[in-house]
Student: 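Below are the structure tokens for one structure; questions will follow.
Worth saying up front: this structure is predicted, and the values here are computed from it rather than measured. Numbers for residues simply follow the sequence, beginning at 1.
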Amino acid sequence: MAAVTAARSPDVLNPAWQENYRRGRYNRYPYDGIVSFVLRRFGAVDDRSRVRILDLGCGGGNNLRFLHEEGFDFRAIDGAPESARLARSLLGLAADDSRIATGDFVRLPYDDVEFDAVIDRASLGCNRAVDLPSIVGEIHRVLKPGAPYFAADLYDQAHPDLAHGVDVGAGDYQQFNAGVFVAARQIHAFTIAELRGLFARFATLDIKQVRIDNVSNDTAAPVHVGFDVIASKATA
């Protein structure tokens, strides 16, 4: 069944990532948190080709390469056309391989209850607050009963590098002049209460705050504050 949320026009989507990918700014190797999650959940499955996983915001295909080499059935979507080109090239796929798509997260081009899992390395937080409920609703729609969504690196509003951007309200930050977000141009930073609200439709929600401090000097200074989230859809 098709999603009811209207897709946004291309000029609304963040153009920064198309430029970043063209300049070679993307990850080449699978993220360890994604690898650990997938293998904990599905590593013992006899026929991995029957496990269909969606990579939400696939970038240059680093996590897709892991899924592909480990024998999982995968799909992927990113808002930047250059992402699809890079990912297909990395995996040695044909230029028109439909398993990797360009599209808008507010209207995912997939059927209801299609996926055994959705994985996401920081992609949800590259969207604006106003669109997050629709995106999370789409994630819920495409998951099978009991299936999980796993997100790594959803940034906390306590992240120190948000100070280099302009707070435009509702947890959205733009116009970064320094720090780790400078190439993203748009970042949404979450609170625990917001995450609980966004994922209220899910049967279970596991939120872990991940904080890294620099303790080289006498006073600890945070260099990263974020969340890892596992939200599982109800079984029925």
Side-chain angles (χ1 to χ4, degrees), residues 3 7-39 41-43 45 47-111 114-127 131 135 138-139 142-143 147 149-155 176 180-187:
R8 296 168 289 183
S9 60
D11 62 314
V12 176
L13 302 176
N14 186 348
W17 292 105
Q18 177 76 354
E19 179 182 338
N20 287 334
Y21 297 147
R22 284 176 172 168
R23 293 183 175 183
R25 186 182 182 272
Y26 52 88
N27 293 315
R28 269 72 170 179
Y29 301 100
Y31 181 59
D32 57 352
I34 295 290
V35 172
S36 296
F37 169 78
V38 171
L39 292 182
R41 184 83 181 201
F42 303 110
V45 173
D47 185 0
R48 293 181 178 180
S49 69
R50 297 176 64 87
V51 177
R52 180 169 291 187
I53 300 175
L54 172 63
D55 187 358
L56 189 76
C58 63
N62 57 318
N63 292 314
L64 282 181
R65 179 168 65 176
F66 156 69
L67 295 177
H68 184 52
E69 291 178 351
E70 289 295 323
F72 294 104
D73 182 16
F74 65 85
R75 299 293 185 273
I77 188 168
D78 199 285
E82 183 68 3
S83 165
R85 188 193 69 78
L86 288 167
R88 290 175 183 135
S89 176
L90 181 67
L91 273 60
L93 305 178
D96 60 351
D97 194 304
S98 62
R99 288 176 292 179
I100 302 175
T102 301
D104 190 349
F105 297 173
V106 304
R107 192 171 68 183
L108 295 175
Y110 306 109
D111 292 335
E114 182 171 349
F115 293 101
D116 296 285
V118 175
I119 57 172
D120 172 4
R121 169 78 194 285
S123 294
L124 189 65
C126 292
N127 293 272
D131 297 311
I135 295 171
E138 281 290 271
I139 293 168
V142 302
L143 284 170
Y149 163 74
F150 173 66
D153 287 348
L154 301 183
Y155 298 109
F176 294 92
V180 297
F181 305 128
V182 69
R185 300 183 191 170
Q186 158 72 41
I187 286 291

Student: Output yes when a side-chain donor or acceptor of Q18 lies under 3.5 Å from a complementary backbone atom of P15, and no otherwise.
Tutor: no
Student: Any chance you could measure R99, atom CZ, to L67, atom CG, to the nearest 0.5 Å?
Tutor: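 Nearest 0.5 Å value for the CZ-CG distance: 11.5 Å.
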Student: Nearest 0.5 Å please: distance from the CG atom of L64 over to the CG atom of L86.
Tutor: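 Reported value, rounded in 0.5 Å steps: 11.5 Å.
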Student: Measure across N62 and L90 and return the closest heavy-atom pair with its distance rounded to 0.1 Å.
Tutor: N-CD2, 4.1 Å
Student: Could you tell me whether the side chain of R52 and the main chain of E114 form a donor-acceptor pair under 3.5 Å?
Tutor: no
Student: Quick one: pull up CZ in R65 and OH in Y29 and give me the separation to the nearest 0.5 Å.
Tutor: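 The distance works out to 6.5 Å.
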Student: Give me the atom names and distance for the closest heavy-atom approach of G59 to A87.
Tutor: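 For G59 and A87, the tightest heavy-atom pair comes out as O-CB, 4.4 Å.
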Student: Looking at side-chain heavy atoms only, is the closest gap between F66 and H68 below 4.5 Å?
Tutor: no
Student: Closer than 3.5 angstrom, by distance alone: can the side chain of R88 be matched with the main-chain N or O of D97 as a donor-acceptor pair?
Tutor: yes
Student: Just wondering, do Y149 and L143 contact through their side chains at under 4.5 Å, heavy atoms?
Tutor: yes
Student: List the atom of G33, the atom of F150, and the distance in Å for their closest heavy-atom pair.
Tutor: O-CE2, 3.6 Å
Student: So with a 6.0 Å cut-off around CZ of R25, is the heavy-atom count from everything else above 12?
Tutor: yes
Student: Picking from N63, I77, D78, what satisfies side chain to side chain contact (heavy atoms under 4.5 Å, CB included) with D55?
Tutor: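 Among N63, I77, D78, the one meeting side chain to side chain contact (heavy atoms under 4.5 Å, CB included) with D55 is N63.
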